[in-house]
Structure formats: structure tokens, C-alpha cells
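Right, one structure below, let's go through it.
Both ligands and their constituent atoms are indexed starting at 1 by order of listing.
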Amino acid sequence: MTILIVGAAGQLGTELCLRSKERGYNFVGVDYDELDITNESSTMAFVAQVKPTVIINAAAYTAVDRAETDIASAFAVNRDGPLYLARSCVKADIPLLHVSTDYVFDGRKTAPYHETDAPNPQGAYGQSKLEGETAVAHTLNKYITLRTAWVFSATGNNFVRTILRLAKERDELSVVADQTGAPTWAGDIAEVLLEIVERMRQERAIPWGLYHYTGFPVTTWHAFAETICQQAFELGMLRKKPFIKPISTSEYPTTAKRPQNSALACTRIQEELLISQSDWRKGLEQVLIQWKNNDELST
Ligand SMILES: NC(=O)c1ccc[n+]([C@@H]2O[C@H](COP(=O)([O-])OP(=O)(O)OC[C@H]3O[C@@H](n4cnc5c(N)ncnc54)[C@H](OP(=O)(O)O)[C@@H]3O)[C@@H](O)[C@H]2O)c1
């Protein structure tokens with residue numbers, strides 16, 4: 001079995017490569033410089049050459065605000081890329097494990113979103129990801145699209161890194177307190193995807209399709225920031241905790257509109273794939289410890 005991991009240098013891609021190696025899986029991890037998924041012919045040729053048993057697509061255009069003005073690039077990576085990967089999967093007769101986002105929803109629902117809820121993206125990023133989901137579903141039978149949210153890891157830029165950097169520089173931070181969602185450690189998403197790969201390896205039946213998966217519990221960006229500072233303080237990575245002022249979305253305008261509620265109900269994955277959610281606070285601790293051990297973002 002050979003796993004082709006696309007977008008290998010990103011938050012999720014890095015964790016997928018690390019864990020595939022730990023599990024002793026045969027895998028090929030490539031990023032933009034080796035495979036540009038927006039180029040159909042080179043994508044088809046690359047897949048034909050590697051001859052993978054499964055493709056995991058961790059590549060994406062994730063700059064949510066930039067996507068509003070760089071629309072063509074966002075759609076090329078998030079819609080056309082998954083389409084070309086799906087076409088190459090059809091040709092090779094292999095499954096595609098794809099990843100999508102909570103931003104496909106408008107956030108007006110007051111309860112967690114199910115896979116059956118109607119999407120209504122509020123911006124170019126969400127729309128491009130939704131069209132990527134549709135392209136995969138219309139091209140391929142054997143696919144998993146895993147919608148996740150608020151992803152963080154030890155690599156790349158993310159909310160955890162930003163909050164920790166600001167907490168070192170300032171006595172007071174202002175963080176949005178009226179948007180709810182669930183942070184998700186990229187390490188946990190990687191475990192879910194590799195668990196599905198393991199089922200394939202064991203030739204167990206897989207109910208293909210669309211799934212939601214995030215960490216638990218649901219929180220707000222403000223409470224997430226409080227937890228980051230508290231854990232970093234307890235680990236000796238912060239000399240003192242800043243005051244974190246709760247603010248409203250209207251006090252923090254962004255180019256792209258964010259969903260007010262982006263909590264995803266994860267019952268389908270639990271019932272059909274027997275995969276449980278992980279506590280994101282444990283993942284957060286792992287990330288902070290990794291940074292501390294590497295002397296990264298320490299006091
Ligand atoms: N980050 C979040 O908060 C979040 C939330 C919900 C869902 N998701 C979804 O989760 C998945 C993983 O996200 P992530 O946070 O790991 O993303 P990420 O850290 O931004 O990584 C994405 C990777 O894809 C690469 N890439 C971009 N364009 C490419 C192309 N044309 N061909 C090949 N590779 C390309 C990027 O390379 P460059 O850096 O060189 O561009 C980067 O290494 C994505 O599907 C994303 O939409 C993320």
C-alpha cells in the first residue's frame with residue numbers, strides 16, 4: 001500500500017507524514033513545489049507514476065481573507081485541484097480522502113451543523129471549498145470528505161501561534177467572544193484519516209461520503225485564547241497572563257465574513273466509522289510542549 005499525501009508541508013500534511021512514518025506506512029508526501037494540483041496534466045501524470053493505493057488531499061488555499069480578492073487562485077486550488085485529484089483517482093481506481101471546512105455554512109444555525117444541513121458559504125474561501133467537495137462527490141464513488149474547523153498545529157501560522165506571540169508582547173489582547181466553534185488539532189485529523197487508511201489496508205468495508213470531525217468541547221475564540229495563555233503560563237512559556245478582553249465580531253472587522261456558529265455535529269463519524277472526537281486541549285498541550293522543547297516561542 002502506498003499513500004500519496006498532497007499538501008505535505010501544511011499543518012495537516014506535516015502531521016500526516018509524521019504519523020504515516022510512525023505507523024510504518026509506505027507514503028509519498030509532496031507539496032506545491034513538487035506537485036501543483038491546479039495543473040491537471042501534471043497531476044494525472046504524477047499519480048500514474050507514483051501508483052498510490054489512496055490519495056489524501058491536505059493541500060488547500062487557506063488564506064480566508066486573501067481569497068476575497070485572489071478569487072481565481074482560491075478556486076483553482078480548492079475546487080479545480082480536488083477535481084483533478086478525483087479524476088486521477090477514477091483513472092487509477094483508488095479512493096480519495098479529502099478535507100473541507102466549517103466555512104461552507106453561514107453560521108446562522110444555533111445548534112451544531114450536520115452533514116445534511118444546507119451549506120451557504122459567506123465568502124470566496126467557503127464557496128471554493130464547497131465547490132471542491134461537490135467536484136469530488138460528482139466524480140468519484142469511493143471518497144471521504146472530512147469537514148473540520150479551527151485547525152491548529154505546531155507548524156505554520158495559526159491562532160495558537162498568534163495568541164502566544166501577542167501574549168508575550170502585550171498586557172492586554174482583544175479577542176472575539178461571540179463566534180462559536182471547535183478547535184481541532186491537525187494531529188487528531190491525521191489520526192482520523194490514517195484510521196480510514198488502516199481500514200482500507202485491512203480490507204474492511206468503509207461507508208464512503210461526507211463526514212464532520214472536530215475536536216471538543218465547542219468554545220469561542222476568546223475562551224480558546226484564555227486556554228492557550230493559561231496552558232502556556234503553566235508550562236512556563238509565559239511570564240504572566242495578559243488580560244484578554246472579550247469583544248464582538250463588529251469590533252474586529254475582517255475582509256471575509258466568519259460564521260457566527262460553526263460547531264459541527266460529529267455523530268455520523270462516531271456511528272458509522274466508530275471514530276470519537278478528541279479533546280483539543282490535549283492537542284494544544286502537545287503543540288505547546290513541542291514549541292517549548294524546541295525553544296520556539298518560549299519566554
Ligand atoms: N486552517 C484551518 O483553520 C482550517 C479550518 C477548516 C478546514 N481546513 C481545511 O483543512 C485542510 C488542511 O488545512 P491546513 O491548515 O493544513 O492548510 P495549510 O497549512 O495552509 O496547508 C496547505 C498546504 O497546501 C499547499 N498548497 C497550496 N496550493 C497548492 C497547490 N496548488 N498544489 C499543491 N499544494 C498546494 C500549501 O503550500 P503553500 O504554503 O506553498 O501555499 C500548504 O503547504 C484544508 O483542506 C483546509 O481547507 C483548515
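Ring geometry for Tyr103 versus Tyr125: interplanar angle over 60°, hence perpendicular rather than tilted (30 to 60°).
When the side chain to side chain contact (heavy atoms under 4.5 Å, CB included) test is applied to Thr69, no partner is found at least two apart in sequence or on another chain.
Remark: the backbone N or O of Ile247 is not paired with any side-chain donor or acceptor of His222 at under 3.5 angstrom. Panel note: side chain Asp178, backbone Thr249; a donor-acceptor pair is recorded below 3.5 Å.
If you check the side chains of Thr267 and Gln270, you find no donor sitting under 3.5 Å from an acceptor. In this model, no donor atom of one side chain and acceptor atom of the other lie less than 3.5 Å apart for Gln11 and Glu15.
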For ligand 1, output the ligand-protein N/O contacts shorter than 3.5 angstrom; if there are none, return none.
residue	atom	partner	partner atom	Å
ligand 1	3 (O)	Val151	N	3.0
ligand 1	15 (O)	Gln11	NE2	2.9
ligand 1	16 (O)	Gln11	N	3.2
ligand 1	16 (O)	Leu12	N	2.8
ligand 1	19 (O)	Gln11	N	2.9
ligand 1	20 (O)	Thr62	OG1	2.6
ligand 1	24 (O)	Ala60	N	3.3
ligand 1	31 (N)	Asp36	OD1	2.8
ligand 1	32 (N)	Leu35	O	3.4
ligand 1	32 (N)	Ile37	N	3.1
ligand 1	37 (O)	Asp31	OD2	3.0
ligand 1	43 (O)	Gly10	N	3.3
ligand 1	43 (O)	Asp31	OD1	2.8
ligand 1	43 (O)	Asp31	OD2	3.2
ligand 1	45 (O)	Val99	O	3.2
ligand 1	45 (O)	Lys129	NZ	2.7
ligand 1	47 (O)	Tyr125	OH	2.8
ligand 1	47 (O)	Lys129	NZ	3.0

